[in-house]
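The sequence lines fix the lettering, A, B, ..., with proteins before strands; numbering per chain opens at 1. What you see is a predicted model, and the numbers here were worked out from it, not measured in a lab.
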Number of protein chains: 2
Amino acid sequence: MARERQDIALAVSTVIFALRPHPETGLSAPWIPLVRRIAAPFESRWALPGGWVAPRESLEDAAARNLLETTALEPTYLEQLYAFGAVDRSPEERVVSVVYWALVRADQAQQSREGENVRWFPADDLPQLAFDHNVIVDYALWRLRTKVEYSRIARAFLGETFTLTELREVHEAVLQKPLDAANFRRQVESSGTLVPTDSVVTGGRHRPPRLYRYNETIELVDNGPLGHEKTGSTRVVS
Amino acid sequence: MARERQDIALAVSTVIFALRPHPETGLSAPWIPLVRRIAAPFESRWALPGGWVAPRESLEDAAARNLLETTALEPTYLEQLYAFGAVDRSPEERVVSVVYWALVRADQAQQSREGENVRWFPADDLPQLAFDHNVIVDYALWRLRTKVEYSRIARAFLGETFTLTELREVHEAVLQKPLDAANFRRQVESSGTLVPTDSVVTGGRHRPPRLYRYNETIELVDNGPLGHEKTGSTRVVS
DNA sequence: GCAAAAGTGTTAGCTTTACACCCATGA
DNA sequence: TCATGGGTGTAAAGCTAACACTTTTGC
C-alpha cells in the first residue's frame with residue numbers, strides 16, 4: 001500500500017473568543033480577532049489567524065504557535081472544532097484546515113497587537129471573510145454557546161477567583177440573554193463545580209459578594225477523545 | 001508566506017457501528033468491523049478501516065470510498081468524529097488522521113465481506129488495536145451514546161418505517177440499559193420527530209403495533225458546521 | 001380463555017421559573 | 001437613611017420515573 005505524493009496542504013486556524021462590550025447594545029458579547037490577508041487568494045480580506053502545520057508538531061501545538069505568531073495571544077482554553085476539507089475551499093491549492101477554538105480573558109486580549117493587520121470584531125457582526133471562514137465562525141459560536149451551559153469553559157474568561165455575579169455575566173455575554181441571578185446561584189451551587197473562598201470583595205456600595213474558585217477535584221465531562229485518559233486533549237492554562 | 005514541503009500524510013479512518021446480539025449477554029449491542037493490517041507498522045494487528053485522502057476528493061468522500069473499498073459497506077449515516085494529529089501516533093511517518101463514525105443497519109452489515117482480513121467485534125470488547133485506534137473507538141462509542149439521546153441518529157439503524165418497540169430496542173442496544181416502554185413512547189411522541197403511519201404489523205401473538213416514520217419537516221440540531229446551511233455536513237442516505 | 005406485547009393512566013418526587021423579600025455595605 | 005447589588009424564600013408549573021392497568025391480537 002505505497003502512498004504516492006498527496007500534495008494536500010495541512011493548515012490550522014483558530015477562532016479566538018474574548019468578551020467585550022458590544023458597540024450597539026453596550027452589553028458584554030463575544031469578539032474575535034481577525035488577520036488581514038496580504039497575499040492571494042483573498043488578498044486584503046479578513047481571515048482567521050492560522051498557518052501551516054510543521055512536520056514535527058502536533059495539531060494543537062501548531063494552533064497555539066500560529067496564534068502566538070499572528071496575534072501574540074496565549075489562550076487559557078483551546079479545543080479542536082472541526083476539520084474542513086472540501087476540495088474547492090481554497091482556489092488553486094488543496095488545503096485541509098483543522099480548526100480550533102480558543103478563549104482568552106479580556107486582559108489577555110488587550111495584549112494582542114492590534115493594528116492595520118489584526119483587528120477585533122463582534123462575532124455576530126463580521127464582514128465577508130476569506131475562504132469558508134464565516135461558516136467556521138458561526139459554528140464555533142454555536143459550540144461556545146451550547147458548551148457553556150453544560151461544561152466549565154466559562155472559567156477561561158475569569159481569573160482564579162470570581163464572584164457569582166461575574167460568572168453569571170460571562171454566561172449572559174455568551175448566551176446574549178439575561179439570567180435570573182437567584183436561580184443561577186442555586187444551579188451552580190448545587191452542581192458542586194464551585195468552592196467558596198474565605199474572601200469577599202469590598203469597596204462596592206452594597207453587600208460584599210463572596211469570591212469562589214473552581215473545584216478541581218471533580219472529573220470533567222466531554223473533554224475530547226483523550227478526556228478519559230490522564231492527559232486531556234483540551235489545553236487549559238491557568 | 002511560501003510553504004515548503006510539509007511531508008505530512010493525510011489519512012481517513014472510520015468507526016462503523018452496527019447492532020448485533022452480544023456474545024455474552026445475548027442482548028443487542030454495538031459491533032464494529034476491523035481490518036487486519038498486512039504491512040508494517042503494526043503488521044497483523046487489527047485496525048480501523050481507512051486509507052489515504054486523494055487530492056481531489058473531500059474528506060467525507062475519502063472516508064466513504066475507503067469504507068467501500070475495505071469493507072464493501074455503504075453507511076446510512078456518516079459524521080466526522082475528530083482529527084488525530086499527535087506527532088508520534090504512527091512510527092516513522094507523520095500521519096494525521098481525520099476519523100469519521102458511521103452507522104449501518106444489520107442487514108447492510110451482513111453484506112460486508114467478512115473473512116481473514118475483515119471481522120466484526122463487539123465494540124466494548126476489542127483486542128489491542130494498531131496505532132491509537134482503541135482510544136478512537138472509545139471516543140466514537142461515547143459520541144454515539146450521548147448523541148442518540150438528543151438527536152435522531154437511531155433512524156440510521158432502522159428501515160423507512162418501524163414500530164416504537166423497534167426504536168426503543170435501538171436505544172437500549174446503544175445505551176446498554178433497559179428503558180421504560182411507556183415513558184419512552186411519551187417522550188418520542190411529544191418530541192414531534194415521528195409521524196404515525198396508517199399501517200400496523202400483524203402476525204404477532206399480541207396487539208398489532210403501529211408503524212411510524214420520521215417527520216422530515218422539522219429542522220435538525222447539531223448537524224455539524226454546515227448544518228445551518230442548505231446542505232448538511234452529515235451524510236444521510238435512506 | 002389465555003399469553004403476550006401494545007398502549008393508557010396515575011402519582012410521587014424532582015427540577016425549573018418567576019418573583020417577593022431580606023441583608024450588608026458605602027456614601 | 002437610602003440606594004445598590006448580594007443573597008434567601010417560596011410557590012406554581014412542568015418534567016421524570018415507576019408502575020398499575022386496559023386493549024387487542026394469535027392460538
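- Between B:Phe184 atom CZ and C:dA6 atom C1' there is a gap of 14 Å when expressed in whole angstrom units.
- Across all strands, A:Arg186 comes closer than 4.0 Å to base atoms (heavy-atom distances).
- Nucleotides of DNA chain D that come within less than 4.0 Å of any heavy atom of chain A span, from the 5' end to the 3' end, D:dA3 to D:dT10.
- Considering B:Trp31, B:Phe17, B:Trp46 in turn, B:Trp46 is the only one that fulfils the ring-ring contact (aromatic ring centres under 6.0 Å, His included) rule with B:Phe121.
- A salt bridge links B:Glu160 with B:Arg213: the distance from a Lys NZ or Arg NE/NH1/NH2 to an Asp or Glu carboxylate oxygen falls below 4.0 Å.
- Aromatic rings from A:Trp101 and A:Tyr139 are positioned such that their centres are separated by 6.0 Å or more.
- Closest approach of B:Gln80 and B:Arg143 over heavy atoms only: O-NH2, 2.9 Å.
- Across all strands shown, B:Thr165 has heavy atoms under 4.0 Å from sugar-phosphate atoms exclusively, and none from any base.
- Both tests pass for B:Arg155 against the ring of B:Tyr214: distance under 6.0 Å to the centre and angle within 45° of the axis.
- In this structure, the nucleotide among C:dC23, C:dA6, C:dT8 sitting nearest to the side chain of A:Arg207 is C:dC23.
- With A:Tyr212 as the partner, the side chain to side chain contact (heavy atoms under 4.5 Å, CB included) test is satisfied by one option alone out of A:Leu167, A:Leu164, A:Val195, A:Val188: A:Leu164.
- For the pair B:Ala63 and B:Thr14, the tightest heavy-atom approach, listed with the atom from each and the gap, is CB-OG1, 3.9 Å.
- Toward the 5′ end of DNA chain D lies the nearest nucleotide of A:Arg185, the other residue of the pair A:Arg185 and B:Thr202 mapping further downstream.
- Across all strands shown, B:Ala182 has heavy atoms under 4.0 Å from base atoms, whether or not it also approaches the sugar-phosphate.
- Each of B:Glu189 and B:His206 has a nearest nucleotide on DNA chain C; the 5'-most of these lies closest to B:His206.
- Listed candidates were C:dC23, C:dA6, C:dA18. Nearest to the side chain of A:Asp180 is C:dA18.
- Out of C:dT17, C:dA27, C:dA24, the shortest distance to the side chain of A:Arg205 is found at C:dA27.
- Looking at which nucleotide of DNA chain D each of B:Gln187 and A:Leu164 is closest to, the 5′-most match is held by A:Leu164.
- Rounded to an integer number of Å, the gap from B:Phe162 CZ to C:dA6 P is 15 Å.
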